[in-house]
Chemist: 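Below: one structure in structure tokens.
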There are 2 protein chains.
Amino acid sequence: MGQEHQDPVDPMEVLTAHIVRKGLRMTRQRRLIAEVLLNEVGHLNIDELFGLVRKKDPHVGYATLYRTVKLLVECGLVTSAQFGDGSARFESAVNRPHHDHLICTECACIIEFENEEIEALQVQECEKHNFLMRHHKMEIYGLCINCQ
Amino acid sequence: MGQEHQDPVDPMEVLTAHIVRKGLRMTRQRRLIAEVLLNEVGHLNIDELFGLVRKKDPHVGYATLYRTVKLLVECGLVTSAQFGDGSARFESAVNRPHHDHLICTECACIIEFENEEIEALQVQECEKHNFLMRHHKMEIYGLCINCQ
DNA sequence: TTAGGTGCAAACCCTTTGCTTTCTA
DNA sequence: TAGAAAGCAAAGGGTTTGCACCTAA
């Protein structure tokens, strides 16, 4: 379940711990990509992330980007989502609770919301089916107030 | 929103009406693909659908499949979903209410559930943001009872 | 008869992988 | 110094598109 009311964490420490635990190494590129993605608000697709990272280091490639984002998702610092268009979008999960998305199919804007009642019902539903929840997503597609 | 308690509909009539409305044509292939997909229970990916359709007509190609499924989604007879693996899955929506999914990340089994309370809260949430809901999906990932 | 549809192959797009070089620990 | 990581390019996998031929209306 959630990271609802935890103390703030230092994401770099989380990443470092994860890397050490797996016998991997901290590199300049990993640090850079983590800093860029974790400090960004909103949902970045891989091209947007690529652009931001390249501004600070023009030599980073897509492969490194994908490999590092995977690492960040693994240790819970980033969540990934698919919003209809074929490509994945990534969002910092640092120091913020779980939330869901309203996605406008017209202008592609994304409205976030938190709803603890829904979260609680989801937990109930899992218990009913003896299902061990790892993560979940809820997406509502439609028209935002400006596009109706 | 929902098709909660409607009278049964004849899917072929719905499809025909949609086709006429758009100035398109009913073809042997469209009828075949609709019959196969709508009579199947559970979630088919494109290869599984391809296999079933080819059994009845070995000449149908992937392009026709994709184009027809798109048509079926448009007129509400089929829903599509992405369950983590990169490919889309399709499910008949004929004469059955909206439901959500528990997805086991170990054995890939899918448990379906309906929860009217959650549905109601989703509607509330949309109203709160003046958002016009077209469709929505909720997916809970984790371990089923056999994989824990 | 005439758009629209089909089927094939090629193109596309996003993501992953292989391999050589570079760099962390 | 050993082995992990980066960067490039090429491969992969799912989906869409272009085009010549076919077919429903």
Side-chain angles (χ1 to χ4, degrees), chain A residues 12 15-37 43-51 53-75 78-90 108, chain B residues 12 15-37 43-51 53-75 78-90 108:
Chain A
M12 277 307 162
L15 178 56
T16 304
H18 182 76
I19 282 176
V20 169
R21 196 179 322 122
K22 294 190 73 176
L24 307 177
R25 291 166 186 180
M26 177 55 84
T27 64
R28 186 172 37 83
Q29 291 88 336
R30 283 181 177 163
R31 209 173 347 247
L32 170 61
I33 293 167
E35 279 169 7
V36 168
L37 181 49
H43 309 77
L44 299 180
N45 66 24
I46 204 73
D47 291 323
E48 292 162 346
L49 180 57
F50 187 75
V53 169
R54 280 263 183 160
K55 264 199 248 172
K56 306 210 175 182
D57 179 349
H59 297 290
V60 175
Y62 274 99
T64 302
L65 222 50
Y66 276 107
R67 288 187 276 232
T68 302
V69 167
K70 193 176 176 186
L71 215 54
L72 293 168
V73 170
E74 270 176 27
C75 59
V78 163
T79 59
S80 78
Q82 301 268 347
F83 292 152
D85 64 331
S87 71
R89 291 188 163 266
F90 307 101
Chain B
M12 277 306 163
L15 178 56
T16 303
H18 182 76
I19 282 178
V20 169
R21 196 179 320 122
K22 293 190 74 176
L24 308 178
R25 291 166 188 182
M26 177 55 83
T27 64
R28 186 173 37 84
Q29 291 90 334
R30 282 178 179 165
R31 207 172 350 245
L32 171 60
I33 293 168
E35 279 169 8
V36 168
L37 180 50
H43 309 78
L44 298 180
N45 66 24
I46 204 74
D47 292 324
E48 293 162 347
L49 181 56
F50 186 75
V53 169
R54 281 263 183 160
K55 264 199 247 172
K56 306 210 173 180
D57 179 348
H59 298 291
V60 175
Y62 273 99
T64 302
L65 221 50
Y66 276 108
R67 288 187 276 231
T68 303
V69 167
K70 193 176 176 186
L71 215 53
L72 292 169
V73 170
E74 271 175 26
C75 59
V78 163
T79 59
S80 78
Q82 302 267 347
F83 292 152
D85 65 329
S87 71
R89 293 189 161 266
F90 307 102

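So you know, we letter chains A, B, ... as the sequences are listed, proteins then strands, and number each from 1.
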Chemist: So does B/Gln82 get a side-chain nitrogen or oxygen closer than 4.0 Å to the phosphate oxygens (OP1/OP2) of D/dG14?
Modeler: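 No, no such contact exists.
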Chemist: What's the CZ-P distance between B/Arg54 and C/dT6, to the nearest Å?
Modeler: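 Those two atoms, CZ and P, are 14 Å apart.
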Chemist: Please report the distance, rounded to the nearest Å, between CD1 in A/Ile46 and P in C/dT16.
Modeler: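 So the two atoms are 9 Å apart, to the nearest Å.
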Chemist: Hey, which sits more toward the 5' end of DNA chain D by its nearest nucleotide, B/Ala88 or A/Pro58?
Modeler: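 Final value for this comparison: A/Pro58.
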Chemist: Grab the CG-P distance between B/Asp57 and D/dC22 for me, whole Å please.
Modeler: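 Rounded to the whole Å, the gap is 16 Å.
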Chemist: Specify the separation, in whole Å, of atom CG of B/Leu24 and atom C1' of D/dT23.
Modeler: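 About 15 Å, once rounded to whole Å.
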Chemist: Give a yes or no on whether a salt bridge exists between B/Glu35 and B/Lys56, defined as a side-chain N under 4.0 angstrom from a carboxylate O.
Modeler: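 Looking at B/Glu35 and B/Lys56, the cut-off is not met.
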Chemist: Just how far, in rounded Å, is P of C/dG18 from OH of A/Tyr66?
Modeler: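 Nearest whole value for this atom pair: 17 Å.
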Chemist: Give a yes or no on whether a donor-acceptor pair under 3.5 Å exists between the nucleobase atoms of D/dG7, that is its base, and the side chain of A/Arg67.
Modeler: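 Result: at least one qualifying N/O pair found.
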Chemist: Give a yes or no on whether the backbone of A/Val60 and the side-chain of A/Thr64 come within a donor-acceptor separation of less than 3.5 Å.
Modeler: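 Checked: no pair found.
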Chemist: Nearest to the side chain of A/Ala63, which nucleotide is it out of C/dT15, C/dG7, D/dA9?
Modeler: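 Ranking C/dT15, C/dG7, D/dA9 by closest atom to the A/Ala63 side chain puts D/dA9 first.
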Chemist: Atom OH of A/Tyr62 and atom P of D/dA9: how far apart are they, to the nearest Å?
Modeler: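 Spelled out: OH on A/Tyr62 to P on D/dA9 is 14 Å.
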Chemist: Of the nucleotides C/dA3, C/dT24, C/dC8, which one has an atom closest to the side chain of B/Arg25?
Modeler: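 Out of C/dA3, C/dT24, C/dC8, the nucleotide with an atom closest to B/Arg25's side chain is C/dA3.
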Chemist: Between C/dT6, C/dT15, D/dA5, which one does the side chain of B/Thr64 approach most closely?
Modeler: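 Of all the options, the side chain of B/Thr64 is nearest to C/dT6.
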Chemist: Measure centre to centre between the rings of A/Phe83 and A/His43, then say whether the value is under 6.0 Å.
Modeler: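 A/Phe83 vs A/His43: aromatic centres under 6.0 Å.
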Chemist: Closest approach of B/Leu49 and B/Leu44, non-hydrogen atoms and distance?
Modeler: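 Here B/Leu49 and B/Leu44 meet closest at CD1-CD1, 4.2 Å.
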Chemist: Could you check how far CZ of A/Phe50 sits from C1' of D/dG7, rounded to whole Å?
Modeler: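 It is 10 Å, rounded to the nearest whole Å.
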Chemist: Sub-3.5 Å donor-acceptor pair from the side chain of B/Arg31 to the main-chain atoms of B/Met26, do we have one?
Modeler: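 Side chain of B/Arg31 to backbone of B/Met26: no pair is present.
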Chemist: For A/Asp85 and D/dG14, what is the distance between atoms CG and P respectively, to the nearest whole Å?
Modeler: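 Whole-Å distance recorded here is 19 Å.
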Chemist: Considering only heavy atoms and no angle criterion, is a donor-acceptor pair shorter than 3.5 Å present between the side chain of A/Arg30 and the base of D/dA5?
Modeler: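 Checked by distance alone, the answer is no.
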Chemist: Nearest to the side chain of B/Thr27, which nucleotide is it out of D/dA24, C/dG7, D/dG7?
Modeler: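 Output: D/dA24.
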Chemist: Is A/Gln29 near enough to C/dC23 that one of its side-chain N or O atoms lies under 4.0 angstrom from OP1 or OP2?
Modeler: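 The answer is no; no side-chain N or O of A/Gln29 sits under 4.0 Å from OP1 or OP2.
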